[in-house]
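Single-structure report; data block below.
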Amino acid sequence: MTTRLAYLAIVGLVAVAGTPALAQRPRPRGGEQKDAGQSGWIHSLDEGMDAARKTGKPLMIVIRCQP
Amino acid sequence: MADKFVRVRLTRIDDYDLNLFEFDYDLTFAVFFLNDENKAYARFGGRDAKGADSRQSLDALRHTMQSVLAMHERDEPRFAPRTQTQRMVARDVTGWYGGGCMHCHQVQEAMNDKLVREGNWKRDLVWRYPLPENVGVRLEIDRGNVVERILPNTPATRAGLQPGDVLETIGPVPIHSFADAQFALDKAPTKGSLNVSWLRGDERRSATLDLSAGWKKSDITWRASVRWRYVASLPLSGDDLNADERRMFGLSETQLAFRSARLKARANEAGLQAGDVVVALDDQSLDMTASEFRQYIRQQFVVGDTITLTVLRDGKQFKIPLTLSGQ
């Protein structure tokens, strides 16, 4: 489902990457914020968890079949 | 804002724990928001029968992200409960060990099959992830936890919810999105009561939604996991009566009234005959055409349900029970 929205979501997320959040800034929980790869997307849950532990950020996990 | 999250994209769920990634598996797109201890803040996604994008927007995603960030910052953040604690791997559930792509709806089909095999299948399980409208709440598209309107004479009306209210929890589930609301409603009982809390301005309110039998019923015709097995089909069709015929039978211009013309074996076996004029369902006259009636049956009933059709034949009225099957 959601072919159009899924595409827009992924493209849109890249577009809003620099948008100031209205919510409070996440508390750093150790480690520097560091994106994996140029796009900032990680393709492994374990690596994502590791990054979340290091940065204190919450995870956003998109589940979507390979289009 | 996306930089405030660790962003993970998964294109297969074969080896992941379904107790963690529990969502409406008839979707093929879902977003989870977790902390670093595998606890779920929120879900994003969801749809209705109108279309895959009918309940989503990028603004809605942005709204959910903001709401999750605010929760993440709390000293005592709230998380969505898990249904079970035991790890459940999608690959083991489906028995899908091939190299091809396992579709999400196949996960749900496998779960349903397991319930049938173990004798735990119940008819109500056909209706998963009810829409908030089922309890009388229409949520905004772009802010998935904000009430857009309240439907009249519904549990939400009686609970005192109003447009503009921001849902906080439904049952034990924190609500950040439309998908959270659907998840919470999926976990709710098929009959009974359900606690709901919300913010009106700065004021926190709560009430109980009263849930009557059948409240989860919704259109499942789009759901790949159940539509082939459970969507009921009327085994007859026909043409609507014209105005002259309606006058002759004393029927209104809008009520259901069609002459049976194409009957399948199951209809004949039930006692229906070509030429019968169908005028009521379960003793209720309905304002709809023959075509709309066929769609109504598909949406309101499931395979195995028995309906009673009232038909006119040779100047007499007959009531004919008919057990519905699939297509």
I need the [X] [atom1] to [Y] [atom2] distance, nearest 0.5 Å.
| X | Y | atom1 | atom2 | answer |
| --- | --- | --- | --- | --- |
| B/Tyr16 | A/Ile63 | OH | CD1 | 9.0 Å |
| B/Arg7 | A/Ile42 | CZ | CD1 | 8.5 Å |
| A/Leu45 | B/Asp17 | CG | CG | 10.0 Å |
| A/Arg64 | B/Arg12 | CZ | CZ | 14.5 Å |

* Asked: So, A/His43 side chain and B/Thr11 main chain: donor-acceptor pair closer than 3.5 Å or not?
  ->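 Side chain of A/His43 to backbone of B/Thr11: no pair is present.
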
* Asked: Are more than 12 heavy atoms from other residues, nucleotides or ligands located less than 6.0 Å from atom CZ of B/Arg204?
  ->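 12 or below, so no.
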
Heavy-atom closest pair, residues [X] and [Y]:
| X | Y | value |
| --- | --- | --- |
| B/Val8 | A/Gly48 | CG2-CA, 3.8 Å |
| B/Phe5 | A/Lys57 | C-CD, 3.8 Å |
| A/Pro58 | B/Leu69 | CG-CD2, 4.0 Å |
| B/Asn35 | A/Leu59 | O-CD1, 3.4 Å |
| A/Met60 | B/Val31 | CG-CG1, 3.5 Å |

